[in-house]
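Since we're looking at a predicted model, the values are computed, not measured. Letters A, B, ... are given to chains in the order of the sequence lines, protein chains preceding strands, and every chain is numbered from 1.
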2 protein chains.
Amino acid sequence: MVTMSDVARAAGVSTMTVSNVLNERRPVAPATRERVLASVESLGYEMNQTARNLRAGRTGTIALIVPSFFDYYSELADAVAREVEPRGSHLVLERTAATAEHEMASVSGARLQLYDGVIMSSVGLDREQLDRIRRPKPIVLLGERDVPERFDHVRLANEDGARMATAHMIERGSRRILALGATPGDGHAMTTDRRVGWEQALRDAGLPADERYVVPIGDYSFENARAAMLSIIDSGLPVDGVFAMTDVIAIAALGALHERGLRVPDDVQVAGFDDLKVGRFLPPALTSIDPGHEAVAREAVRLLHRRMDDPEVAAEHVSVPVTLSVRGTTR
Amino acid sequence: MVTMSDVARAAGVSTMTVSNVLNERRPVAPATRERVLASVESLGYEMNQTARNLRAGRTGTIALIVPSFFDYYSELADAVAREVEPRGSHLVLERTAATAEHEMASVSGARLQLYDGVIMSSVGLDREQLDRIRRPKPIVLLGERDVPERFDHVRLANEDGARMATAHMIERGSRRILALGATPGDGHAMTTDRRVGWEQALRDAGLPADERYVVPIGDYSFENARAAMLSIIDSGLPVDGVFAMTDVIAIAALGALHERGLRVPDDVQVAGFDDLKVGRFLPPALTSIDPGHEAVAREAVRLLHRRMDDPEVAAEHVSVPVTLSVRGTTR
DNA sequence: CTGTTAGCGCTTTCAC
DNA sequence: GTGAAAGCGCTAACAG
């Protein structure tokens, strides 16, 4: 490995001069400068960022830690990148593969120490696990669960969104609406919040929230969502609306409905959550809840910088509003 | 910031002992060990990874640099992560926003020095720009362009895939097949290779490769692809097949065809390239070329480790075969 | 304009 | 089983 001293020796100057040439920090005589650059070139020198970061006490890098690289998280990551870069930091993405162990490892593990700050979209950790996390580096939690007070946190208005989507389908005539991908019972999962919103909309309309209409889907995958939708149809349970907890589930449901010859939106209306780009280009285009990636990203990055500037500032909890995008899968 | 010396002082030991306790490198007397761990806990110490990496001369991290976080790249990144992690490294994802400047910055810029190795999926750089890149760190180029000999490189069999998809539609009766998203003329873009495959299939079948059927799409976005497809339909050009250069383009084309009342696959067959997960769940499911993410990831990681082990090993160029996945958008 | 010194936080090496 | 010294590659601070 060629170091700065190698370059300095080759150019007949001190390492400081090399440093000053490369960083344009202090003026260097043109002749010296040329000699240094020539040595850099001929030796193929590239600065060791690790050493530089150690010296600087910062890395200039922010990490976004997500359960997967797909769908909602792609779009979120893109929004966060667009928010981070103008502020002069770099964004890197890491995935946890959605297991609690990985998330704990990501966040309590030492790797976090590589970054100036971390934005973490948690799905696998419960409140107690989150509570065990120290907070030596600025960290902002993203997502739907409720989290310990001491963490900065950005969440979506999940209940609102679910209520809006469900109410919209009720208004357009649906009476038997599935909560596809929802989790029954208590809990702090994103899907719990969304199921509660679904219930509220039904209750507001004087409709029953029948347990049989709450259909859990283990991993939120296309495969399992399709299978779940098919088995509901085949069970004969009357359904004239589907509120899917995610757009992935909604898209799989559209496919399953089509396979069974049910027309959307005529026989069954469908609404999703996430407003994935692809949904806007399906025939028919998917009605969905827009989670406001830009606002989430903006708030998350704002909270992170606030904490990077002042580690002792009081934690802030932000809830970002969502909006309903009405398209072709509802009437 | 609390450092190892702080912990050592609090525990009444040397930093070496703290290091040994934390890394379990050498045995430490149980009593000492307990005292150290207690100090770590009470001071909230976390090890500085940057210092550790500087000392170790490696970071244990591999970067995958991609033009965007979406679609093909999501799926690729997932496959690469699954390949990298079992080998004991971490994967981070960075995006270049698909501009040549960003790609140059990513790869010649100093940031690269943060990683033990880099896998870069290049789209914006031409051969000459790539040639200006030094190669101080192990780097594997991914993607469709042809690249300077000295780089390790993994590419797809783009021509083969395009030929297979087009030939399949010809076999099933299409005669006027669009190359949607292709670039006319010479060049080393992915879309050039795929257009050439389209031409070959037509030629093999004794059909003309009419220039009017080559339809460029600036940014490969859903929006532009939909607009391009609509304007082709409205122009009255007879079309009974669409070979889309990417699945994103194919999905947008499906939407546009539907908007104009054309039936798929009865009136028009459609085939894409990338085999995105979502395509398998559309009604009808999208026929596409499976780019073999697992094989690409496996080869890329293999080449990278090979070069990390021996920086002087001769560069290797690998072409990964693709396969046709026939589904509902072709007959 | 350029150089010397000291040290970022950690671990290897050598000593006891 | 534990510690002291040296140094990874870089740069701030202070000379000159």
Return all side-chain donor-acceptor pairs below 3.5 angstrom for residues 292-300 of chain A, not counting sequence neighbours, or 'none' if the list is empty.
from, atom 1, to, atom 2, distance (Å)
A/Glu294, OE2, A/Arg82, NH2, 2.7
A/Glu299, OE1, A/Arg302, NE, 3.4
A/Glu299, OE1, A/Arg302, NH2, 2.7

Considering only distance and modelled atom types, tabulate donor-acceptor pairs under 3.5 Å from the side chains of residues 26-40 of chain B, sequence neighbours left out.
from, atom 1, to, atom 2, distance (Å)
B/Arg35, NH1, B/Ala11, O, 2.6
B/Ser39, OG, B/Arg35, O, 3.1

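Note: CG (A/Leu114) to P (C/dC10) measures 13 Å, nearest angstrom. Taking atom CD of residue A/Glu34 and atom P of nucleotide C/dC1, one finds them 14 Å apart after rounding to whole Å. Taking atom CG of B/Asp6 as the reference point, atom P of C/dG9 lies 9 Å away to the nearest angstrom.
Using a 4.0 Å cut-off, some side-chain N or O of A/Thr32 falls inside it from OP1 or OP2 of C/dT2.
In this structure B/Ser14 satisfies the side-chain contact (heavy atoms from CB on, under 4.5 Å) test together with B/Met16, B/Thr17, sequence neighbours excluded. Listed by chain and residue number, A/Leu54, B/Met1, B/Thr50, B/Ala51 satisfy the side-chain contact (heavy atoms from CB on, under 4.5 Å) test with B/Asn48 (two or more places apart in sequence, or in another chain). Not counting sequence neighbours, the partners of A/Asp310 by the side-chain contact (heavy atoms from CB on, under 4.5 Å) test are A/Glu312, A/Val313.
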### Task
Scan nucleotides 9-16 of chain D nucleotide by nucleotide, 5' to 3', and note B when protein non-hydrogen atoms come under 4.0 Å of the base, S if they reach only the sugar-phosphate, - if neither.
BBBBBB--
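A donor-acceptor pair under 3.5 Å is formed between the side chain of A/Asp152 and the backbone N or O of A/Glu316.
Checking D/dG3, C/dC1, D/dG1 against every side-chain atom of B/Pro27, the shortest atom distance belongs to D/dG1.
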